[in-house]
There are 2 protein chains.
Amino acid sequence: MKRAKISSNVIRRLPRYLRKLDELTYDGTDRISSSELGRQMGLTPSQIRQDFSCFGEFGQQGYGYNIETLRKEISQILGMDRGYNIVLIGVGNLGHALIENFGFSGHGYNLLAAFDVKPALIGTQFAGVYINDMATLPDFLNSNKVDIVVLTVPRRAANSTAALITDCGVKAIWNFTNIELSINNPNVLVEDIHFSDSLLTLGYYLTDAASPGSDD
Amino acid sequence: MKRAKISSNVIRRLPRYLRKLDELTYDGTDRISSSELGRQMGLTPSQIRQDFSCFGEFGQQGYGYNIETLRKEISQILGMDRGYNIVLIGVGNLGHALIENFGFSGHGYNLLAAFDVKPALIGTQFAGVYINDMATLPDFLNSNKVDIVVLTVPRRAANSTAALITDCGVKAIWNFTNIELSINNPNVLVEDIHFSDSLLTLGYYLTDAASPGSDD
DNA sequence: TAGATTGTTAATCGATTAACAATC
DNA sequence: TAGATTGTTAATCGATTAACAATC
């Protein structure tokens, strides 16, 4: 498997391809050319072929790409077949929403358990996932291979929780706390969902769209 | 106000600057140079000066940038002073989480109301925001200036709801449904929060990090 | 076979970085 | 004033697009 210096732009397009391929499969399509895929996704055929060629040769001249094959390749590149184990910390509304609606298993992940400090939550379960006492978290992390932690704790607990879990060897954090985590271990991966960055960006474009026409 | 062809890369860094400036303000700092800001954010001083210079001259030679001034400029560029009105549609766990925890007003937005189809929810309120019957949505949109709709409905309702609201003149959608909305009006702005894209990206890097060292 | 479409190399375009005169 | 740091122009780097020989 060739894996070398692939740009983050390419990587972030892979899940989009995957989503599109699922949609095409659902619609009953079984093959597609780079030009048709580009048309549907708003990308150039060149870019699509370049993107795929970072990882191998998945197409066939004169035919295009077989959707099932391509989907399998991309899901493998993304590691969806690795059965990564996940733990969620902080079962507020957002944590709750992710447990019940995100569909971890549908993406190839195992959501092993959730943790919270709130006594009323401890021992209950949502969608088959038990909520455990935060106090038992280090023990849990030490006795289970946990690949990814979903961090949905309140902002004030973000950095201390991050420190706790990275000390226990967790190497990847899916961060919903809307702060930039300060982690001194350079091997820990952090993927942020910054709600506010997203909404403010939308606010910019809205302001921009209103600007040139009339300066009200 | 100069507004011309500013790249999306620049725009998406603006909220990050804002977050950093808020943090610096909280820490009691009142000025900063592009090199120190770059050091703290992992950007080059050149890039920071280039970014800001897209919008004006906010610094001072030999001094740097006044944090309060810079913050005000950026928040204006993002349109945070425009008092945009927002409506949220779909009060499941996620919608609920956003209403209670996102802090729309803290970002300069007015969350006017929420809508859902579930009878048990209609007429109740969370954090002072009333949940109204979806059936009353068109009336509401026609009699109120609603700038942005937060779309937190189930996936199956995504496109029909998007069609409904764009027909009522809504020009911006903050989309949490994890599908690519099909909207035929090119003037409607859509900003997606694709949870799965984010997690899959993290999965890629995790897989990648495990790859070169040992192929286990 | 002829037509279609890939994978890849070369060309272009845009974004980031470096350099430096201007100036607080 | 001297030192620091900006805003901006030029240089570099990287990503996207175009072109085309290979081939299914």
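A, B, ... follow the sequence lines: proteins, then strands. Residue 1 opens every chain. Just the heavy atoms: all of them, side chains too, but no hydrogens, waters or symmetry mates, feed the values below.
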Protein-nucleotides 21-24 of chain D N/O pairs under 3.5 Å:
from	atom 1	to	atom 2	distance (Å)
D:dC24	O3'	A:Q60	NE2	2.6
D:dC24	O2	A:Q61	O	3.3

Check: protein-nucleotides 10-13 of chain D nitrogen or oxygen pairs below 3.5 Å:
none

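For the segment residues 9-19 of chain A, the set of residues with a heavy atom within less than 4.0 Å of an atom of DNA chain D comprises A:N9, A:R13, in numerical order. Contact check of residues 30-47 of chain A against DNA chain D (heavy atom, cut-off under 4.0 Å) returns A:T44, A:S46, A:Q47.
Taking atom CD1 of residue B:I48 and atom P of nucleotide D:dT8, one finds them 16 Å apart after rounding to whole Å. Rounded to whole Å, atom P of C:dG7 lies 11 Å from atom CD of A:E73. Between B:D51 atom CG and D:dT6 atom P the separation is 13 Å, expressed in whole Å. As a whole-Å value, the separation of B:E57 CD from D:dT9 P is 11 Å.
The side chain to side chain contact (heavy atoms under 4.5 Å, CB included) check on A:T29 picks up A:L24, A:D27, A:I67, with sequence neighbours excluded. By the side chain to side chain contact (heavy atoms under 4.5 Å, CB included) test, B:D167 pairs with no residue at all, sequence neighbours left out. Residues forming a side chain to side chain contact (heavy atoms under 4.5 Å, CB included) with A:A162 (at least two apart in sequence, or on another chain): A:I173, A:L181, A:I183. Here A:N142 pairs with A:C168 under the side chain to side chain contact (heavy atoms under 4.5 Å, CB included) rule; sequence neighbours left out. For B:R16, there are no salt bridge (Lys or Arg N to Asp or Glu O under 4.0 Å) partners at least two apart in sequence or on another chain.
With hydrogens and angles disregarded, a donor-acceptor distance shorter than 3.5 Å links the side chain of B:N159 to the backbone of B:S182. No donor-acceptor distance shorter than 3.5 angstrom exists from the side chain of A:N110 to the backbone of A:L112, with no hydrogens or angles considered. Using a distance-only test at 3.5 Å, with no hydrogens or angles considered, a donor-acceptor pair links the side chain of B:N66 to the main chain of B:E68.
When the side-chain nitrogen and oxygen atoms of B:Y65 are compared with OP1 and OP2 of D:dA4, none of them lie within a distance under 4.0 Å. Under 4.0 angstrom from either OP1 or OP2 of C:dT6 there lies at least one side-chain N or O belonging to A:R49.
Applying the side chain to side chain donor-acceptor pair (under 3.5 Å) test to pairs two or more places apart or on separate chains, those with a residue in residues 144-154 of chain B are B:K145-B:D147.
Figure legend: B:R31 and B:Y63 shown as a cation-pi pair, the cationic atom lying under 6.0 angstrom from the six-membered ring centre and within 45 degrees of its axis.
We find that A:E23 and A:R71 are not joined by a salt bridge, their nearest charged nitrogen and carboxylate oxygen being 4.0 Å or further apart.
Annotation: side chain of B:I77 is in contact with side chain of B:L14 (closest heavy-atom distance under 4.5 Å). For the pair A:F195 and B:I193, the minimum side-chain heavy-atom distance is below 4.5 Å.
Between the CD1 atom of B:I6 and the OH atom of A:Y205 there is a distance of 9.0 Å, given to the nearest 0.5 Å.
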Distance-only donor-acceptor hits, side chain of residues 87-102 of chain A, under 3.5 Å, sequence neighbours excluded:
from	atom 1	to	atom 2	distance (Å)
A:N93	ND2	B:E100	OE1	3.1
A:H96	NE2	A:E100	OE1	3.3
A:E100	OE1	B:N93	ND2	3.1

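Remark: DNA chain D takes part in the stems C:3-24 with D:3-24, each of 3 or more antiparallel Watson-Crick or G-U pairs, criterion distances under 3.5 Å.
Relative ring orientation between B:F58 and B:F52 is described as tilted, the plane-to-plane angle lying within the 30° to 60° band.
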